[in-house]
Enquirer: 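The structure is given below, and queries will be raised subsequently.
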Amino acid sequence: THLKDCTVRDLELRKLPGGRSEQYVRSLSGASPRLNMTNVVVTQQLGENPWHHCPATQFVVTLSGAWYVNTTDGDSRILPAGTWLFQDDSPDNPAAKDGTNRSMHFSGGVGRCDQMVLQWTRQPEVDKPCPF
């Protein structure tokens, strides 16, 4: 697995329904015909979560506290409140191989960490870390 800093692209300046001022927005539901939200989970990481796949393609938003993620290529990040991580290292990832850590990550809370996980129906891809 790999980590890459991504920037959300193709934002449009517009007023949202009920809003009074314009802001830059982009609906990710239209970013890909295969990107349809299927589940929203709120979770609390308290300790280590050894090498594992994510259950589905997902965004993990850190609500409070902080957590870390280590990848199979040796990279590591700490994700404090307000950050988000896009993951598609599920068992369906073409790079996943049974009996190995390929397409897996090792993560854990830095103390208590509250997260919101938004899961999507999207086929994982290799070497396309910022599909939005």
Side-chain angles (χ1 to χ4, degrees):
T1 52
H2 313 285
L3 292 171
K4 179 175 175 144
D5 293 324
C6 300
T7 301
V8 177
R9 304 178 307 267
D10 304 324
L11 297 168
E12 297 176 13
L13 185 63
R14 64 182 168 146
K15 193 183 299 184
L16 294 177
R20 294 183 180 201
S21 62
E22 292 183 326
Q23 56 186 303
Y24 286 98
V25 297
R26 179 174 179 204
S27 171
L28 293 180
S29 63
S32 167
R34 301 165 298 178
L35 190 61
N36 299 307
M37 189 165 55
T38 57
N39 197 17
V40 178
V41 178
V42 177
T43 184
Q44 188 176 84
Q45 276 211 38
L46 298 173
E48 290 188 340
N49 193 359
W51 293 106
H52 62 286
H53 295 286
C54 61
T57 298
Q58 61 189 20
F59 290 94
V60 181
V61 181
T62 309
L63 301 174
S64 66
W67 66 295
Y68 63 88
V69 62
N70 299 324
T71 60
T72 55
D73 67 359
D75 206 352
S76 179
R77 294 273 165 61
I78 293 179
L79 300 145
T83 59
W84 55 274
L85 176 70
F86 173 77
Q87 294 179 301
D88 70 351
D89 60 342
S90 73
D92 295 330
N93 190 297
K97 290 192 178 177
D98 287 340
T100 73
N101 287 350
R102 291 197 54 168
S103 189
M104 291 185 169
H105 62 281
F106 189 112
S107 59
V110 180
R112 175 182 158 166
C113 179
D114 297 323
Q115 301 168 323
M116 181 180 295
V117 181
L118 308 165
Q119 295 177 332
W120 304 84
T121 300
R122 181 183 180 277
Q123 185 62 37
E125 298 177 82
V126 176
D127 296 328
K128 293 189 180 178
C130 300
F132 39 85

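Counting begins at 1 with the first residue of the sequence.
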Enquirer: Look at the side-chain heavy atoms of Ile, Leu, Val, Met, Phe, Trp and Tyr, link any pair under 4.5 Å apart, and say whether Val126 and Phe86 land in one connected group.
Expert: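 Each belongs to a different hydrophobic cluster.
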
Enquirer: For Ala95, is there any backbone N or O sitting under 3.5 Å from a side-chain donor or acceptor partner on Arg102?
Expert: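 Present.
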
Enquirer: In terms of the angle between their ring planes, are Phe106 and Tyr68 parallel, tilted or perpendicular, with boundaries placed at 30° and 60°?
Expert: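 The arrangement is parallel - the two ring planes meet at less than 30°.
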
Enquirer: Nearest 0.5 Å please: distance from the CG atom of Leu63 over to the SG atom of Cys113.
Expert: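 The distance works out to 8.0 Å.
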
Enquirer: Determine the minimum heavy-atom distance between Pro94 and Pro124, stating which atoms define it.
Expert: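 Closest approach of Pro94 to Pro124, heavy atoms only: CD-O, 3.5 Å.
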
Enquirer: Mark yes or no for whether His53, through its side chain, and Asp89, through its backbone, hold a donor-acceptor pair below 3.5 Å.
Expert: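 Yes; at least one donor-acceptor contact below 3.5 Å.
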
Enquirer: Return the minimal non-hydrogen interatomic distance between Trp84 and Leu79, and the atom names on each side.
Expert: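 So the two residues come closest at O-CD2, 4.4 Å.
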
Enquirer: Decide yes or no on side chain to side chain contact (heavy atoms under 4.5 Å, CB included) for Thr62 and Gln45, but give the supporting numbers first.
Expert: CA-CA 10 Å; Thr62 309; Gln45 276 211 38; over 6 Å; no

Enquirer: Do the side-chain N and O atoms of Ser107 and Trp67 include a donor-acceptor pair separated by under 3.5 angstrom?
Expert: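 No.
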
Enquirer: How long is the gap from CD on Gln87 to CZ on Phe59, to the nearest 0.5 Å?
Expert: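 If we round to the nearest 0.5 Å, Gln87:CD and Phe59:CZ are 10.5 Å apart.
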
Enquirer: With Asp98, which residues qualify under salt bridge (charged side-chain N to carboxylate O under 4.0 Å, His left out), at least two apart?
Expert: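 In terms of salt bridge (charged side-chain N to carboxylate O under 4.0 Å, His left out), with neighbours along the sequence ignored, Asp98 is linked to no residue.
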
Enquirer: Look at the side chain of His52 and the backbone N and O of His105, then say whether any donor-acceptor pair between them is shorter than 3.5 Å.
Expert: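 Side chain of His52 to backbone of His105: a pair is present.
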
Enquirer: Report the distance from atom CG of Leu118 to atom OG1 of Thr57, rounding to the nearest 0.5 Å.
Expert: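 If we round to the nearest 0.5 Å, Leu118:CG and Thr57:OG1 are 12.5 Å apart.
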
Enquirer: Distance check, rounded to the nearest 0.5 Å: Asp114 atom CG versus Arg112 atom CZ?
Expert: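 Here the interatomic distance stands at 4.5 Å.
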
Enquirer: Would a distance-only check, ignoring hydrogens and angles, find a side-chain to backbone donor-acceptor pair under 3.5 Å from Asn93 to Asp88?
Expert: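 Answer holds: yes.
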
Enquirer: In Å and rounded to the nearest 0.5 Å, what is the CH2 to OG1 distance from Trp51 to Thr71?
Expert: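 These two atoms lie 6.5 Å from each other.
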
Enquirer: Measuring from Met104:CE to Asn70:CG, what's the distance to the nearest 0.5 Å?
Expert: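 So the CE of Met104 and the CG of Asn70 are separated by 14.5 Å.
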
Enquirer: Can you list the steps and then say if Thr43 with Val60 is a side chain to side chain contact (heavy atoms under 4.5 Å, CB included)?
Expert: CA-CA 10 Å; Thr43 184; Val60 181; over 6 Å; no

Enquirer: Leu11 and Val61: same hydrophobic cluster, using ILVMFWY side-chain contacts below 4.5 Å?
Expert: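 As far as the 4.5 Å side-chain criterion goes, Val61 and Leu11 are connected within one cluster.
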
Enquirer: Which atom names give the shortest non-hydrogen contact between Cys54 and Pro91, and what distance separates them?
Expert: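 Reported closest heavy-atom pair: O-CD, 3.5 Å.
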
Enquirer: Please name the pair of heavy atoms, one in Thr72 and one in Asn101, separated by the smallest distance, quoted to 0.1 Å.
Expert: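 Where Thr72 meets Asn101 most closely, the heavy atoms are CG2-O, 2.9 Å.
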
